[in-house]
Amino acid sequence: MSTSKKNPLHIPSPFQAEEPGMTPEQKEQEYVHNVYQVIAPHFSATRYKPWPVVEEFLMNMPAGSVGADVGCGNGKYIGVNPSLFMIGSDRSSNLISICSERGHEAMVCDGLALPYRPQFFDFAISIAVIHHFITPERRINAIEEILRVVRVGAKVLIFVWALEQSGKRDFDKNVQDVFVPWAMPKKAEPKQSRDRTQSRAQGVRRNERSNVHQQPSTSLSSQSSSAAVTTAMTSLNEASSIDEPLDQLKMKSDQADKDQDQKVLTTHNLTFEEFASTRENAIQQTNVQNEQTQPSAKESEAAPVYNRYYHLFQKGELEELVVRTNKASIVQSGYDRDNWWCILEKTTS
Amino acid sequence: MRLITHNMLQCHVKGCNANNFPLEFQEVELEQEEAEMNEDFLRNMLTKLEYDALVSTCLKLGINDLPATMPADAAYNDEFLQILHRVILETHVKSGKMICPNCKHIYNIRDGIPNMLLAEHEV
């Protein structure tokens with residue numbers, strides 16, 4: 001890939017079915033669920049600014065409407081319009097813990113098997129979720145499952161990542177199924193807990209190919225990033241199945257939020273994944289001065305990188321899936337911040 | 001988890017399609033937490049609630065405040081809306097279990113978070 005200017009840690013690579021024996025469920029477990037579980041605190045710290053299309057959708061809902069946020073992550077959309085009542089769900093219990101700590105109604109569940117009564121909700125959103133399902137059938141099933149739990153006439157907003165995006169990412173326009181790396185900052189993390197991190201992240205593949213050895217000094221500085229994030233990460237991994245009091249985690253991740261805000265005040269208009277890479281740049285600059293004060297930096301390895309599976313949507317592909325459900329019509333659709341989005345209306349039960 | 005959420009949950013184990021609502025609470029630890037009253041939301045909920053299930057669930061949890069049947073003027077009955085608000089929005093289940101009356105599947109609630117994930121063969 002000809003992206004020499006770009007941070008090599010953020011270059012996507014084609015998704016290869018390395019384990020042909022794996023079911024789609026197993027692949028999603030390994031390349032989506034396990035990854036989010038591990039990167040949850042860092043991921044959450046980079047997710048706080050609502051996208052305008054989503055915000056507008058929520059602000060336009062009649063007061064008192066009841067909505068489901070399917071794949072809500074840290075719940076950043078749940079409190080956007082306080083006149084609504086929203087329930088969030090996500091596969092990642094670590095993300096749901098953060099969401100719940102913020103006072104939001106949240107539960108752990110699978111997007112293909114929502115535990116709600118049929119036709120209950122007045123609206124639903126699913127932001128940056130359906131691109132993580134590995135087959136077209138599962139992507140349709142995910143939309144159908146959302147449509148099952150909303151009433152006839154309800155509106156549903158869906159965002160998925162676009163293949164056509166041009167920006168930080170250079171996607172090969174012929175490859176729709178890709179691994180997208182998530183680089184975890186890893187400063188002062190003690191060696192032993194790093195090992196523990198590794199063992200807890202069962203099945204999570206670190207991208208060993210990903211230029212671990214060709215990272216010069218920038219890699220040293222990029223890994224010595226926000227200590228607060230790393231601490232949150234470490235403590236989460238050390239807590240066996242979330243036994244640590246969550247308010248501690250919350251405080252740490254809030255601190256991480258603030259750290260990041262201060263470092264990258266200018267990144268508010270950035271798109272989905274740009275934040276992380278810009279953040280690294282900022283941190284690299286910050287850390288140039290710090291390097292002498294960190295003698296151990298030379299000994300550290302490169303930042304751990306976790307590969308998430310994405311299906312990148314082509315123009316029109318999301319609408320096609322919606323039409324194939326035979327249960328909804330498309331009200332509006334568009335392109336925003338490297339994503340295709342679509343508002344649909346449930347037409348038949 | 002607020003009690004409102006319990007009223008919208010049903011068992012979703014594959015093939016468990018009848019008598020799968022409401023899930024039965026066991027070993028429940030409750031907590032009251034004040035919340036701002038949203039009358040639009042409460043009025044909207046009147047048509048969505050399975051009211052009988054809410055009342056019977058509450059009685060099992062020792063909450064006797066709700067009338068056995070919903071008042072005809074519920075939407076504009078301030079006293080009723082206040083009670084409803086307190087019960088469905090301010091009453092939290094901090095921990096416990098929810099058991100499907102049909103297939104007996106157990107869903108755990110910890111730290112106020114229900115885990116509704118199913119094993120692969122149950123989906």
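Computed from heavy atoms alone, side chains included, the values below leave out hydrogens, waters and symmetry copies. All chains are named by letter (A, B, ...) in the order of the sequence lines, taking the proteins before the strands, and each is independently numbered beginning at 1.
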>> Can you tell me which portion of A:A106 sits under 4.5 Å from chain B's heavy atoms? Options are side chain, backbone, both or neither.
In response: backbone
>> Using side-chain heavy atoms (C-beta onward) and a distance below 4.5 Å, is A:D110 in contact with B:L118?
In response: no
>> At a heavy-atom distance under 4.5 Å, which candidate from A:D122, A:I96, A:L84, A:L112 has the highest pair count against chain B?
In response: A:D122
>> If you define the side chain from C-beta out and look only at heavy atoms, does anything of B:L117 sit under 4.5 Å from A:R91?
In response: yes
> Take atom CD in A:E55; do more than 12 heavy atoms of anything else shown fall under 6.0 Å from it?
Replying inline: yes
> Checking B:L42 against chain A: side chain, backbone, both or neither under 4.5 Å from a heavy atom?
Replying inline: neither
> Any idea which of B:M45, B:M116, B:M8 has the most non-hydrogen atom pairs under 4.5 angstrom with chain A?
Replying inline: B:M8
> Between A:S93, A:C99, A:S100, which is the residue that forms a side-chain contact (heavy atoms from CB on, under 4.5 Å) with B:I113?
Replying inline: A:S100
> Of the backbone (N, CA, C, O) and the side chain (C-beta and beyond), which part of A:P82 lies under 4.5 Å from a heavy atom of chain B, both, or neither?
Replying inline: backbone
> Minimum heavy-atom separation for A:G103 to B:R2, with atom names?
Replying inline: O-NH2, 3.4 Å
> Which atom pair, heavy atoms only, marks the closest approach of A:M107 to B:T5?
Replying inline: CE-CG2, 3.6 Å
>> Need one label for A:I87: side chain, backbone, both or neither, based on atoms under 4.5 Å from any heavy atom in chain B.
In response: side chain
>> Take a 6.0 Å sphere around NZ of A:K76 and say whether it holds more than 12 heavy atoms from other residues, nucleotides or ligands.
In response: yes
>> Can you tell me which residue among B:N20, B:L9, B:N7 is in a side-chain contact (heavy atoms from CB on, under 4.5 Å) with A:R117?
In response: B:N7
>> Quick check on side-chain contact (heavy atoms from CB on, under 4.5 Å): which of B:I88, B:N38, B:N44, B:I4 does A:F85 satisfy it with?
In response: B:I4
> Got a sec: does the CZ of B:R110 have more than 12 other heavy atoms crowding it under 6.0 Å?
Replying inline: no
> How about B:Q32: does its CD atom have over 12 heavy atoms from other parts shown lying under 6.0 Å from it?
Replying inline: yes
>> Taking side chain as everything from C-beta outward and backbone as N, CA, C, O, which of these in B:E50 sits under 4.5 Å from a heavy atom of chain A? Side chain, backbone, both or neither.
In response: both
